[in-house]
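Working notes, structure below.
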Amino acid sequence: MLTQPSISFEPTIEPISPYLEMGAYEAMWLEKGASFRTIADRFRDDPDALPSDFVPVERARECAASVTRLFGEAGIGRFGIRVNKAHDYPARLREAMHPVELLYYRGAWEFAETRSVAVVGSRNASEEGLKRAARIARLLVERGFTVVSGLAEGMDTAAHTAALDAGGRTIAVIGTPLHHVYPRPNRDLQERIAQEFLLISQVPALRYDQQDYRRNRLFFPERNATMSALTEATIIVEAGETSGTLTQARAAIHQGRKLFILNSCFESGLAWPARFEARGAIRVREPEDIWSALG
């Protein structure tokens, strides 16, 4: 017989039901035309509202039951959520252009309260780029920072793996719901991070499973914006002109976060590094450029 997953949560400032809010959030995503922007706009127009203020109770409970069933079928025995206006929701997330009202997570939320820096870059990374990502991750660990990335292939995998190999902390902010793994070769890495550190998702499980899979790629850019908001800085190791990494660069500038770009990006002949440097990004010629800016 299937065991229902349990939802862990801390005592809240207000009498908020995480289970009910989870279901309401999922129900909002099933409405026609729902997106991070349209949902954020609804809460911007009604700052005191919770997801359950927009959804009938029975509908919210129905959706919550469906999510817990999906997670249970995937072998997820325990997960947590963070709801805006409830205890331990990260206030810095409100600095995103389209702030999310709810996050899912597995692991120890306390890692989200540590000093953290995102290390990101291309999926189709060069060998030198992968080495640079690993080196940066190791240096961050030596300085006591938590390494954050998106668990994608390429740079993300290199950063997570190097942080773990160095005995450090790492957080993965993924572009799928908790019960999915992408890319599939990272299944073991995703599970290790979930068990030992922190795995975060803002992606609605029911919408993701029900819509055309080709539309689900749109969740990844918003994941990058959330990753930037959760951290105090982003380091770009390598990226092309059309890379999704630049979504995070734009988000970092908008949110007032430090944005570091390795010197090798400037030497690649691409135009984007100079554009972002003109907007306040920091060119990294040596590691000390990072440490002096972070303080």
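In this text, all values refer to a predicted model and were calculated from it rather than measured experimentally.
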Show your working on side-chain contact (heavy atoms from CB on, under 4.5 Å) between Arg169 and Arg115 and close with a plain yes or no.
CA-CA 10 Å; Arg169 305 179 300 266; Arg115 291 194 73 186; 5.8 Å; no
Where do His180 and Asn216 land on the side chain to side chain donor-acceptor pair (under 3.5 Å) test, with the steps shown first?
CA-CA 12 Å; His180 282 263; Asn216 285 333; over 6 Å; no
Verdict with reasoning, Ile76 to His179, per side-chain contact (heavy atoms from CB on, under 4.5 Å)
CA-CA 7 Å; Ile76 299 174; His179 66 301; 4.1 Å; yes
Dump the intermediate steps for side-chain contact (heavy atoms from CB on, under 4.5 Å) on Phe260 and Leu294, then the final yes or no.
CA-CA 10 Å; Phe260 298 102; Leu294 289 177; 4.0 Å; yes
As a quick check of understanding, evaluate side-chain contact (heavy atoms from CB on, under 4.5 Å) for Val117 and Ile235, giving each step before the final call.
CA-CA 7 Å; Val117 173; Ile235 301 174; 3.7 Å; yes
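Taking the side chain as every heavy atom from C-beta outward, Asp46 and Asp53 never approach each other to under 4.5 Å. Annotation: side chain of Gln255 is not in contact with side chain of Met97 (no heavy-atom distance under 4.5 Å). Two residues are said to be in side-chain contact when any heavy atoms from C-beta on lie closer than 4.5 Å; Leu230 and Ile171 fail this criterion. Residues Trp109 and Ile200 are in side-chain contact: their nearest non-hydrogen atoms beyond the backbone lie under 4.5 Å apart. Ile236 places a side-chain heavy atom less than 4.5 Å from the side chain of Val120. A heavy-atom distance below 4.5 Å is not found between the side chains of Phe197 and Val147. Proximity of Leu30 to Cys63: side-chain heavy atoms (C-beta onward) are separated by under 4.5 Å at one or more points. Between Arg207 and Met28, every side-chain heavy-atom pair lies at or beyond the 4.5 Å cut-off.
Qualifying salt bridge (charged side-chain N to carboxylate O under 4.0 Å, His left out) partners for Arg275, counting only residues two or more places apart in sequence or in other chains: Glu241.
Judged by distance alone, the side chain of Arg217 and the main-chain N or O of Arg214 form a donor-acceptor pair under 3.5 Å. The backbone N or O of Thr176 lies less than 3.5 Å from a partner atom in the side chain of Ser201, making a donor-acceptor pair. For the pair Thr245 (side chain) and Gly121 (backbone), a donor-acceptor distance under 3.5 Å is present. Judged purely by atom type and a 3.5 angstrom limit, Ser228 has no side-chain atom pairing as donor or acceptor with the backbone of Ala225. Proximity of a side-chain donor or acceptor of Gln190 to a complementary backbone N or O of Val181 within less than 3.5 Å is not detected. In this structure, the side chain of Lys85 does not engage the main chain of Glu101 through any donor-acceptor pair within 3.5 Å. For the pair Arg61 (side chain) and Gly23 (backbone), a donor-acceptor distance under 3.5 Å is absent.
The OG1 atom of Thr226 sits 3.0 Å away from atom CD of Gln202, with the distance rounded to the nearest 0.5 Å. Note that the CZ atom of Arg59 and the CD atom of Glu26 stand 10.0 Å from one another [nearest 0.5 Å]. Remark: Leu199 CG to Phe79 CZ distance equals 12.5 Å, nearest 0.5 Å. The distance from the OG1 atom of Thr234 to the CD1 atom of Ile253 is 9.5 Å, given to the nearest 0.5 Å. Atoms CD1 and CG, from Ile81 and Asp88 in turn, are 12.5 Å apart once rounded to the nearest 0.5 Å. Annotation: the span from Glu62 atom CD to Leu206 atom CG amounts to 9.0 Å, rounded to 0.5 Å.
Applying side chain to side chain donor-acceptor pair (under 3.5 Å) to Glu238 and the options Ser126, Ser268, Ser264, Ser122 leaves one that passes, Ser126.
A centroid separation of less than 6.0 Å is found between the aromatic rings of Tyr182 and Phe220. Separation of the Trp29 and Phe36 ring centroids falls under the 6.0 Å cut-off.
Closest approach of Tyr208 to Gly175, counting heavy atoms only: CE1-O, 4.1 Å. The minimum heavy-atom distance linking Phe276 with Leu246 is given by the pair CZ-O, 4.1 Å. Ala118 approaches Met227 most closely through the heavy-atom pair CB-SD, 3.9 Å. A pairwise comparison of heavy atoms in Phe219 and Gln211 identifies CE1-NE2, 3.6 Å as the closest pair. The nearest pair of heavy atoms linking Leu151 to Ala172 is CB-CB, 4.2 Å. Scanning both residues, Pro221 and Leu218, for their nearest heavy atoms gives CD-O, 3.3 Å.
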Contacts under 3.5 angstrom, residues 131-145 side chains, donor-acceptor by atom type, not counting sequence neighbours:
none

Below 3.5 Å, can you tabulate the donor-acceptor pairs from side chains in residues 277-287 to any protein atom, sequence neighbours excluded?
unit_1, atom_1, unit_2, atom_2, d
Arg283, NE, Asn263, OD1, 2.6
Arg283, NH2, Asn263, OD1, 2.9

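Membership of the apolar cluster around Leu20 extends to Val57, as traced through chained side-chain contacts below 4.5 Å between ILVMFWY residues.
Both Leu270 and Phe266 sit in one connected hydrophobic cluster of ILVMFWY residues. Membership requires side-chain heavy atoms under 4.5 Å apart, directly or through other members. In this structure, Met155 is not a member of the same hydrophobic cluster as Leu189, with clusters built from ILVMFWY side-chain heavy atoms closer than 4.5 Å. Clustering ILVMFWY residues whenever any of their side-chain heavy atoms sit less than 4.5 angstrom apart, transitively, puts Val83 in the very cluster that holds Tyr19. Under the 4.5 Å side-chain heavy-atom criterion for Ile, Leu, Val, Met, Phe, Trp and Tyr, Trp291 and Leu259 are members of distinct hydrophobic clusters. Side-chain heavy atoms closer than 4.5 Å link hydrophobic residues (I, L, V, M, F, W, Y) into clusters, and following such links, even through other members, never connects Val119 to Ile193.
The neighbour count for Arg94 CZ, taken as heavy atoms of other residues, nucleotides or ligands under 6.0 Å away, is above 12.
For the pair Asp188 and Arg192, the salt-bridge criterion is not met [side-chain N within less than 4.0 Å of a carboxylate O]. Here Glu31 pairs with Arg42 in a salt bridge; the nearest charged N to carboxylate O distance falls below 4.0 Å.
Each side chain to side chain donor-acceptor pair (under 3.5 Å) pair with one or both residues in residues 152-165, not counting sequence neighbours, appears once here: Ser149-Asp156, Thr157-Asn186, His160-Thr170. Residue pairs meeting the salt bridge (Lys or Arg N to Asp or Glu O under 4.0 Å) criterion with at least one partner in residues 254-266, sequence neighbours excluded, are Glu95-Arg257.
Aromatic ring pairs are classed by plane angle as parallel below 30°, tilted from 30° to 60° and perpendicular above 60°; the pair Tyr104 and Phe71 is perpendicular.
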